[in-house]
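Below you'll find the structure, written out as structure tokens, and then a few comments.
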There are 2 protein chains.
Amino acid sequence: MGTVSNALSLLGFFNLQRPEIGLSDLARLSGMNKATVYRHMSELALRGFVEKSHGGTSYRLGPEVLRLASLREAAVPLLSVAREMLARLSAATHETSHMSVVQGMRLNAIAHHYSTRHGTRVTMEDAEVLSFHGTASGLAILAFSEAAFVDAVLARPLPVHTPHTETDPDRIRARLRGIRASGVAQSVGGFEADVHSLAVPIFGPDRCPTGALAVAVPVARMSDALARRAQAELTACAADLTRRIGGFAPETLPLQDTSARSEMTG
Amino acid sequence: MGTVSNALSLLGFFNLQRPEIGLSDLARLSGMNKATVYRHMSELALRGFVEKSHGGTSYRLGPEVLRLASLREAAVPLLSVAREMLARLSAATHETSHMSVVQGMRLNAIAHHYSTRHGTRVTMEDAEVLSFHGTASGLAILAFSEAAFVDAVLARPLPVHTPHTETDPDRIRARLRGIRASGVAQSVGGFEADVHSLAVPIFGPDRCPTGALAVAVPVARMSDALARRAQAELTACAADLTRRIGGFAPETLPLQDTSARSEMTG
DNA sequence: ACCGATGGTTCAAATAATGAACCACGCTAA
DNA sequence: TTAGCGTGGTTCATTATTTGAACCATCGGT
């Protein structure tokens with residue numbers, strides 16, 4: 001661990017609950033010497049990573065991080081990161097995976113990935129409009145959305161896609177409670193017949209769902225083992241994707257095992 | 001200059017034209033030793049500020065900057081407030097508006113807004129680095145900055161962006177006096193040919209300019225009427241924005257009519 | 001006036017950064 | 001093939017920077 005890493009670790013103590021921190025607090029939180037913290041923060045301030053707030057009584061994040069975030073977004077747009085995750089998902093499950101994003105009151109598929117393992121597979125179209133009530137992705141998003149949004153979605157006519165499409169708002173709300181508890185949404189033939197989907201939400205900086213990752217399997221091929229594997233990989237990928245687009249999961253999201261965390265090479 | 005500052009300065013070499021940089025390039029650009037750069041980047045990678053791209057051949061900005069930007073935005077909602085102002089400006093003028101902030105000796109564009117009224121419009125890139133002497137935004141800021149800052153900026157080489165770029169320090173200072181009197185800066189083709197810009201400064205809590213709001217119009221479309229409307233809206237928006245980020249305009253700023261102020265009680 | 005906070009500063013001691021040279025690899029041209 | 005030049009990555013003695021206890025000035029409440 002070098003000096004630079006130590007200094008940067010100070011930025012890790014800023015969060016939504018603690019957007020501004022004083023010198024002494026920061027020293028206590030980090031366990032570092034006050035003088036060390038002071039010098040580190042001075043250097044960070046010099047580069048615009050932090051700045052002093054009201055009259056110099058405490059530090060907060062600086063404008064430079066905004067510039068860097070813009071560049072990151074330009075260098076690594078959501079789509080390319082998503083495609084990476086989809087490749088991972090399909091490799092782990094040997095099934096079709098896809099990503100969708102909320103755009104207003106609509107849910108749009110933006111990317112998908114096939115596995116070459118099986119002759120039969122669920123096929124997707126990018127830019128396809130999904131329904132919130134009929135798809136695992138939509139349910140995953142609704143489960144963690146604001147009540148007002150859920151109300152608005154369920155108040156509109158709920159199309160029947162297949163004989164298995166659930167259209168009763170009350171029963172849908174009941175399912176949402178189950179999804180909130182497990183963190184994973186399921187849909188068996190609710191949008192397309194013979195398709196069993198698992199989906200997890202992706203969160204934006206405001207802790208609200210911005211989209212969902214899903215794995216779609218022909219119902220005949222779904223098994224407990226596959227469901228478990230898909231679920232594990234989905235939660236790991238979703239956590240990774242949420243992080244990489246700068247989002248935050250809400251505290252209410254059930255935590256899965258974190259053993260599959262990607263290793264940072266040094 | 002300490003080690004931390006040196007390491008962080010490496011992040012300054014990333015921009016829109018150069019979103020990914022290899023180890024050797026970075027060493028050349030920074031003038032540092034290759035080993036030093038390697039260690040710095042390794043530490044930055046450890047903290048998620050950068051990551052290796054395709055197979056580890058080069059570095060790019062990492063996901064941590066997105067998290068920090070979110071937190072900065074939560075602590076100082078400059079960006080979201082600014083976007084509101086830009087929408088207002090573009091709606092009033094039917095032209096492109098943008099916002100930039102001073103970061104050290106640089107001026108960075110952080111947000112912009114297009115109008116859909118006209119087929120032709122001035123286009124912008126966020127995170128673009130603007131020049132102080134060539135842009136209306138830069139001149140607006142210089143006009144109300146401390147003399148030492150102006151001296152420092154004008155002492156450095158002043159790039160020629162177009163045939164209309166003013167690079168004579170004395171003539172620039174003369175223009176600054178005019179801007180101080182009117183409160184609005186103008187640039188006709190000084191940064192990009194065929195772009196006529198109007199800009200006003202935004203002030204921080206220390207009564208110093210922290211950035212600028214600007215309207216950019218294709219020269220062919222600029223008229224007296226449009227200039228008057230843009231100027232009125234700019235001064236109103238700037239006053240509002242300065243207030244909402246907790247800043248104060250200096251007494252030397254010419255007062256415009258305040259009848260157009262929008263009330264935003266919370 | 002006191003006390004206990006705060007942010008900021010100093011200086012000898014010790015730790016961490018530095019850079020030339022090095023290695024292994026992957027190109028391209030001869 | 002081989003030589004040359006580029007890349008990313010690594011080593012180790014030298015060096016200079018970071019470190020932290022103690023210090024100061026100031027503020028606000030009792």
Side-chain angles (χ1 to χ4, degrees), chain A residues 1-15 17-62 75-76 84 262-266, chain B residues 1-15 17-63 72 75-76 104 204-206 208 246:
Chain A
M1 253 174 296
T3 309
V4 176
S5 191
N6 271 335
L8 292 178
S9 75
L10 289 173
L11 296 177
F13 293 102
F14 291 92
N15 57 40
Q17 283 73 43
R18 213 193 294 114
E20 303 194 354
I21 315 182
L23 178 60
S24 299
D25 280 342
L26 208 40
R28 266 190 296 275
L29 284 167
S30 63
M32 297 182 198
N33 186 285
K34 193 158 55 92
T36 303
V37 172
Y38 176 74
R39 281 184 298 255
H40 282 340
M41 294 310 279
S42 296
E43 293 211 60
L44 290 172
L46 199 70
R47 295 291 169 184
F49 282 77
V50 299
E51 64 184 11
K52 288 176 195 156
S53 62
H54 8 93
T57 66
S58 61
Y59 295 94
R60 67 178 173 212
L61 293 167
V76 187
E84 211 175 285
S262 68
E263 193 61 33
M264 187 74 68
T265 59
Chain B
M1 254 176 292
T3 308
V4 176
S5 190
N6 269 336
L8 292 178
S9 75
L10 290 173
L11 296 177
F13 293 102
F14 291 91
N15 58 39
Q17 284 72 43
R18 213 191 294 112
E20 303 194 355
I21 315 182
L23 179 60
S24 299
D25 281 342
L26 208 40
R28 267 189 295 275
L29 283 167
S30 64
M32 299 181 197
N33 186 286
K34 192 158 57 93
T36 302
V37 173
Y38 175 74
R39 281 184 299 255
H40 283 339
M41 295 309 279
S42 296
E43 294 211 61
L44 291 171
L46 199 70
R47 295 291 167 184
F49 282 77
V50 300
E51 63 184 11
K52 289 174 197 156
S53 62
H54 11 91
T57 65
S58 61
Y59 295 94
R60 68 178 171 213
L61 292 167
R72 159 78 183 187
V76 186
D206 53 359
C208 288

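Chain letters run A, B, ... following the sequence lines, proteins first and then strands; every chain starts at 1.
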**Request:** Kindly compute the distance separating CD (Glu51(B)) from CG (Leu44(B)), expressed to the nearest 0.5 Å.
**Result:**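 Answer rounded to 0.5 Å: 12.5 Å.
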**Asked** Rounded to the nearest 0.5 Å, what separation is found between the OH atom of Tyr59(A) and the CG atom of Leu10(A)?
**Response**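 If we round to the nearest 0.5 Å, Tyr59(A):OH and Leu10(A):CG are 10.5 Å apart.
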Could you state the [atom1]-[atom2] distance from [X] to [N], rounded to the nearest angstrom?
| X | N | atom1 | atom2 | result |
| --- | --- | --- | --- | --- |
| His40(B) | dA16(C) | NE2 | C1' | 12 Å |
| Met32(A) | dT15(C) | CE | C1' | 15 Å |
| Glu20(B) | dG8(D) | CD | P | 12 Å |
| Leu10(A) | dT19(D) | CG | C1' | 14 Å |
| Asp25(B) | dT7(D) | CG | P | 7 Å |

**Asked** Taking only residues two or more places apart in sequence, or in another chain, which ones meet Arg18(B) in a salt bridge (charged side-chain N to carboxylate O under 4.0 Å, His left out)?
**Response**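 Residues passing salt bridge (charged side-chain N to carboxylate O under 4.0 Å, His left out) with Arg18(B): none at all.
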**Prompt:** Is any side-chain N or O of Arg28(A) closer than 4.0 Å to OP1 or OP2 of dA5(C)?
**Reply:** no
**Asked** Can you find a side chain N or O atom of Ser24(B) that sits less than 4.0 Å from OP1 or OP2 on dG8(D)?
**Response**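 Yes, Ser24(B) has a side-chain N/O under 4.0 Å of OP1/OP2 on dG8(D).
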**Message:** Between Val76(B) and Arg60(A), is there a side-chain heavy-atom distance shorter than 4.5 Å?
**Reply:**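 Side-chain contact under 4.5 Å: yes.
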**Request:** Indicate yes or no: at least one non-hydrogen side-chain atom of Arg39(B) is less than 4.5 angstrom from one of Val4(A).
**Result:** no
With distance as the sole test, does [X] use its side chain to make a donor-acceptor pair with the main-chain N or O of [Y] at under 3.5 Å?
| X | Y | answer |
| --- | --- | --- |
| Glu20(B) | Ala75(A) | no |
| Thr36(B) | Met32(B) | no |
| Arg72(B) | Leu61(A) | yes |

Check: protein-nucleotides 8-10 of chain C nitrogen or oxygen pairs below 3.5 Å:
unit_1, atom_1, unit_2, atom_2, d
dG8(C), OP2, Tyr59(A), OH, 3.4
dG8(C), N7, Lys34(A), NZ, 3.4
dG8(C), O6, Lys34(A), NZ, 2.4
dT9(C), OP2, Tyr38(A), OH, 2.6

**Asked** To the nearest 10 degrees, how far apart in direction are the end axes of the helix from dA1(C)-dT30(D) to dA30(C)-dT1(D), each fit to five base pairs?
**Response** 40°
**Prompt:** Which nucleotide in the set dT6(C), dT17(D), dG8(D) lies at the smallest distance from any side-chain heavy atom of Thr3(B)?
**Reply:** dT17(D)
**Exercise: identify the closest heavy-atom pair between Ser58(B) and Ile21(B)** = CB-O, 3.5 Å
